[in-house]
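Indexing begins at 1, ligand by ligand and atom by atom, following the structure's order.
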Amino acid sequence: MSDRGSPAGPGRVRALPRVRGHDAVKAAGRDWERYASGHQGDEDVRSYRQLPLECDPPEHTALRGLLVPSFSRHTIEPLRAVVAADAAALVAPLGAGRPVELVEEVALPFVVRTICRILDLEEDAGRLTDFGLSVWGDHLGRRDGTAFHAYLDELTDRADRGEAGRVMDALAVAAPGGRPLGREERIGIASLLLAAGRDTVIGLVAGIGWALAARPDLLPALHAAGPWTADGTGAAIDARDRFIEEVLRLTSDLVMERIDRGPERLDLTVAPHVALDFPSANHDADAFPSPAEIRLDRPNPRGHLAFGIGAHACLGALPARIEGRAALDALLAAAPSGLVLDPAAGADALIAGTHHVDGVAIPTGFRRVVVRGA
Ligand code: HEM
């Protein structure tokens, strides 16, 4: 997956005709036979497909099946305590009355550490953090996949020797349907797993900070819910979970490419390309009345499509929610009276893009969010 940017990469996707609105996007996302994913994106920075994102069943079913165990509740839930400790350590300066910068200083190392924990690649966390906010950027912020590709190449060699952590090592010997995975397929899977939960979760963490600063009136409900606890009381969706779902609904901004094969099932090589506009679904007033508002009492708190829908629905939704909850709990503990945005950072520095929802400007794609305790 990709971040916003150049006309050859995600800029091209953003210029495609769009499927818009909650019902239409939901139906299209479920209809993979018409809206196919079998194409390679980010052509300015890579020459392989990110898998299983950029393929269709039955190939998709086999490849996704290999990854499901690594993202199951059984595998991911035990990470909660350590992810919560990571978040608490990163926002600790707030508790001492100092400001913190949420995008690069908190969210980036936080999400890289979590991905590395899931993939059993902790020793690579420093290198993966050094890529910066996007794995596709060079040190000047231009799109460039060279350094990331070199890392993926090396990782794949290590996996051949059984030295690239549980998940990549298992892919090196996997043979779905009796066929071992090719090197390019393994690179495509590693690329997706390392990139997909990066700028997306960074946006979620920064969005949580922005929303806390914007809505101090919600603090009593958030404090009443209390932090996540391991004793099972965290099983039902509470006000903090609802807050996170609303931040996802409002600020996530992925639009994803599809090939519209139409009812006549045109060949992939000739069918037109379109984009599923997930934000338009999430801001649809028919599905979410007063869509620009963060509401903790929506009857459909998880009815948004921030994580997609259908065959390609986000495999990392559970870790993303756990990271969001850890970040929110840590921020509320360190700054119980709420957050204020540091005006010195400036509005332009804060926001990389804007959604206009119901006439209200909602930031999306945060650059630099400096906050301190209220
Ligand atoms: C707030 C955080 C996140 C958001 C908003 C998000 C959003 C999405 C969306 C919209 C899709 C569907 C793409 C499509 O239909 O073409 C998707 C797919 C995917 N996501 Fe996420 N994601 C997030 C976090 C993560 C994390 C933490 C990981 C794992 C490390 C992850 C891994 C994936 C993978 C592997 C797919 C492809 C699934 C498939 O094609 O079967 N995501 N994500």
Side-chain angles (χ1 to χ4, degrees), residues 1-3 10 13 16 19 25-26 28-32 35-39 41-42 49-57 59-68 70-72 75-76 79 83 107 110-121 128 135 167 171 188-208 244-259 273-282 302 304-328 364-366:
M1 270 199 288
S2 53
D3 23 45
V13 179
L16 291 171
V19 178
V25 174
K26 197 169 174 179
R30 285 179 167 157
D31 188 358
W32 60 265
Y35 293 97
S37 296
H39 66 93
D42 293 326
R49 291 177 304 157
Q50 282 192 324
L51 297 170
L53 185 70
E54 294 173 339
C55 67
D56 296 298
E59 183 188 11
H60 173 266
T61 316
L63 294 178
R64 183 171 166 119
L66 293 175
L67 303 178
V68 165
S70 301
F71 290 89
S72 69
T75 308
I76 298 295
L79 294 178
V83 171
F110 177 55
V111 310
V112 170
R113 239 174 260 173
T114 306
I115 294 167
C116 288
R117 289 188 195 286
I118 295 170
L119 300 181
D120 187 25
L121 280 175
L128 287 164
V135 291
V167 178
L171 290 177
I189 293 172
S191 171
L192 179 62
L193 293 182
L194 289 165
R198 192 177 179 105
D199 54 340
T200 49
V201 184
I202 291 172
L204 173 60
V205 172
I208 288 170
I244 291 161
E245 298 303 324
E246 284 288 272
V247 173
L248 283 164
R249 183 184 67 75
L250 263 183
T251 65
S252 60
D253 73 338
L254 283 182
V255 296
M256 299 301 296
E257 187 163 2
R258 292 291 190 274
I259 306 170
H273 289 221
V274 297
L276 300 191
D277 187 335
F278 292 115
S280 78
N282 296 340
R302 290 190 171 144
H304 63 75
L305 305 184
F307 291 120
I309 181 119
H312 295 279
C314 181
L315 204 51
L318 178 60
R321 286 183 163 124
I322 286 177
E323 289 174 278
R325 181 63 189 248
L328 177 59
T364 176
F366 298 89

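- Heavy atoms of Arg198 come nearer than 4.0 angstrom to ligand 1 in no pair at all.
- Contacts between Glu257 and ligand 1 below 4.0 angstrom, taking non-hydrogen atoms only, are absent altogether.
- For atom 28 (C) of ligand 1, the candidate residues are Ala195, Gly41, Gly316, Ala306; the nearest heavy-atom contact is made by Gly316.
- Note on ligand 1: His60 sits in its first shell, one or more heavy atoms being nearer than 4.0 Å.
- Counting only distance, with no hydrogens or angles, the side chain of Glu257 and the backbone of His273 share no donor-acceptor pair below 3.5 Å.
- Counting heavy atoms closer than 4.0 Å to ligand 1, residue Ile118 contributes nothing at all.
- If you look at Ser37 next to ligand 1, there are no close heavy atoms at all, none under 4.0 Å.
- Listed here is the closest heavy atom pair of Ala326 and Phe110: CB-CZ, 4.1 Å.
- Considering only non-hydrogen atoms, atom 17 (C) of ligand 1 lies nearest to Cys314 out of Cys314, Gly65, Ala317.
- A heavy-atom separation below 4.0 Å is not found between Gly29 and ligand 1.
- Here the rule is side-chain contact (heavy atoms from CB on, under 4.5 Å) with Arg64, and of Leu51, Leu315, Leu53 only Leu315 fits it.
- Heavy atoms from both the backbone and the side chain of Thr200 come within less than 4.0 Å of ligand 1.
- His60 and Ser37 form no side-chain donor-acceptor contact under 3.5 Å, judged by distance and modelled atom types alone.
- Remark: Leu128 CG to Ile115 CD1 distance equals 8.0 Å, nearest 0.5 Å.
- Of the heavy atoms in Met256, only side-chain atoms (C-beta onward) come closer than 4.0 Å to ligand 1.
- Using 4.0 Å as the threshold, Pro52 has a heavy atom nearer than that to some atom of ligand 1.
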